[in-house]
2 protein chains.
Amino acid sequence: MPDNYELPHFGGKLMSTQVSALLMKELKNGIFSKSEKLPSEVELAERLGVSRTVIRDALSDIEREGFIERVRGIGTVICRDIVNLTNRLDLKLEYNELIVNSGYTPYTDNIKLRIEYADEENAELLNVDEGSKLIVCEKRVLAGNIPCIYSIDYLSYDLFSGIEYTDIDWSKPIFDLLDKYCGLIVVTDIAKITATNADEFIREKLQVQPKQALILLDEVGYCKLSRPVMRSLEFYTDFFDFTMLRKKF
Amino acid sequence: MPDNYELPHFGGKLMSTQVSALLMKELKNGIFSKSEKLPSEVELAERLGVSRTVIRDALSDIEREGFIERVRGIGTVICRDIVNLTNRLDLKLEYNELIVNSGYTPYTDNIKLRIEYADEENAELLNVDEGSKLIVCEKRVLAGNIPCIYSIDYLSYDLFSGIEYTDIDWSKPIFDLLDKYCGLIVVTDIAKITATNADEFIREKLQVQPKQALILLDEVGYCKLSRPVMRSLEFYTDFFDFTMLRKKF
DNA sequence: AAGTGGTCTAGACCACTTC
DNA sequence: AAGTGGTCTAGACCACTTG
């Protein structure tokens, strides 16, 4: 790292956030892209003109996502295999991002919109009364012209009070719609993963080969304060490589 | 929390680790098992006689695993839905634990042990030379009398130098064997998840119903310093509920 | 205004690795 | 002995929520 390395500017954001973003950038493509270790915490602190605490907070963020490993007496070691991973199922929540990352353009078609009334399972998962109104949106997602996901979203009708739900463009990612129309940001997601052969309708829509099985993600999305706001069933073909980092802490 | 609450003892372990273990215990079954929030950081620090930093470190660990959420101006909110989850695929690496958690006794049978020579894929994944000797161990794992996993482990023969590998009891979890015979502790694991119908042999061993699909975890286990030491292919029936917490940070 | 968690500083000591 | 990351202290100020 050059002696004169400095933080670009202080645009109101947290220093530790800036530092971790900077370090990640340099890890992936920049001055540390060929390194085995990062400079010491004390050195980084001096170079960037912040306290060691700021550096440590930044490194903790990066470590939590698995990109570095900190070893006492040795230093901050870069985990190349992990930095180079794409499509981390444990980090990304949104499939359009995955499609773009894979070099394709995401499309949505076969949209089916309807009202249902919450059964016991959905009522409990979404924390609404049994029998209350739900908006159900089914759709097919394609990467370029390759069908890769069939998704069924369940949302409480009450979230969209004051908006005519049929006016909404449901081809957009559900996370974006919840944000735009309800001011709700999904930050956490409990996903149950199973393997399935699905029914004929879905297999046909996804053009699944006879012997091929599908991944089913049964997800509940939560906003801040553990508030469940959506459930979605997503059937994935083998188009994606779902990778997951599991760590003992 | 009672006024006289104190840390049980200081057995040489880190204070923040003790504090987080204590808090997790109280969250699950203890005095916070019915609470919506934890006491404030300052209060916890005073009650437990440590600095706020120690408390914050402990809370960070618990937050990273999704069990609490910290909200400025409000406090430390408990995520009940997450505390109550079992079988978190993103936290547990070892299936015997999952089986025990589900209330069954794990058994292993149909063990097949052999030597193979590394193909290109395994050579790259395990960071060994192509053609080098690998120990391959296939086995079936049961929960009680229910077959639920078929696993194929690949390990470099060189790891077991000085030990006759045929003398080892391969029914034990591979993590335990690596620890006991090689002094290697697997701390990280990159897992690729796919759905499969598997071949007839495996389907028969797992007594899979005709329409049922299987989850295949293709894992590479790493020790400290990004050292790959094992690859394993694990076929799971739907015996397990694989749950995963995904978080935006 | 009071209380909460979030960030940052400055400094200390410890455990571990390397030379 | 020197350098690394790990932990802990004490104190400060900030941003946000609640009464």
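By convention in this document, chain letters (A, B, ...) are assigned in the order of the sequence lines, proteins followed by strands, and residues within each chain are numbered from 1. As the structure is a computational prediction, the values presented were derived from the model and not from experiment.
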Look at the side chain of A:Arg70 and decide which nucleotide, out of D:dG6, C:dT9, D:dT4, has an atom nearest to it. D:dG6
Contacts of type side chain to side chain donor-acceptor pair (under 3.5 Å), residue B:Asp81, not counting sequence neighbours: A:Tyr222
Spacing of A:Leu225 atom CG relative to D:dC16 atom C1', expressed in whole Å: 13 Å
Taking CG from A:Asp61 and P from C:dG6, how many angstroms apart are they, rounded to a whole number? 13 Å
Could you check how far CD of A:Glu46 sits from P of C:dA10, rounded to whole Å? 12 Å
Between C:dG5 atom P and B:Glu43 atom CD, what is the distance in whole Å? 9 Å
Using a strict cut-off of less than 4.0 Å between a Lys/Arg side-chain nitrogen and an Asp/Glu carboxylate oxygen, indicate whether A:Arg70 and A:Glu63 qualify as a salt bridge. yes
Among D:dG6, C:dC8, C:dT4, which nucleotide has an atom closest to any side-chain atom of A:Glu41? D:dG6
By nearest-nucleotide position on DNA chain C, the 5'-leaning member of B:Leu59 and A:Ile74 is B:Leu59
In plain terms, say whether A:Arg231 and A:Asp218 are close enough for a salt bridge, that is, a side-chain N and a carboxylate O under 4.0 Å apart. yes
Using whole Å, report how far CD1 of B:Ile78 lies from P of C:dG5. 12 Å
Pairs counted as Watson-Crick or G-U wobble with both distances under 3.5 Å: what dot-bracket string results for DNA chain D, using | for bases tied to another strand? ||||||||||||||||||.
From the list D:dC8, D:dT9, C:dC16, which nucleotide is the closest neighbour of the side chain of B:Ser16? D:dC8
Tell me if the side-chain of A:Arg52 makes a donor-acceptor pair with the base of C:dG11, cut-off 3.5 Å, by modelled atom types. no
Quick check on D:dT4: is either OP1 or OP2 less than 4.0 Å from any side-chain nitrogen or oxygen of A:Thr76? no
Do the side chains of A:Glu41 and A:Arg56 get close enough for a salt bridge, i.e. N-O under 4.0 angstrom? yes
Please determine, for the side chain of B:Arg72, which listed nucleotide (D:dC16, D:dA12, D:dG6) has the closest atom? D:dC16
B:Ile78 versus B:Lys37: any side-chain heavy-atom pair under 4.5 Å? no
In this structure, how many angstroms lie between the P atom of D:dT9 and the CG atom of B:Leu44, rounded? 14 Å
Please report the distance, rounded to the nearest Å, between CG in B:Leu38 and C1' in C:dG5. 13 Å
Within a strict 4.5 Å, meaning less than it, do heavy atoms of the B:Ile115 and B:Leu134 side chains meet? no
By nearest-nucleotide position on DNA chain D, the 5'-leaning member of A:Thr53 and A:Gly73 is A:Gly73
A:Glu219 bridged to B:Arg246 by N-O distance under 4.0 Å: yes
Between P of D:dT4 and CD of A:Glu36, the distance in whole Å: 17 Å
With a 4.0 Å cutoff (strictly under), does any side-chain N or O of B:Ser51 reach OP1 or OP2 of D:dA10? no
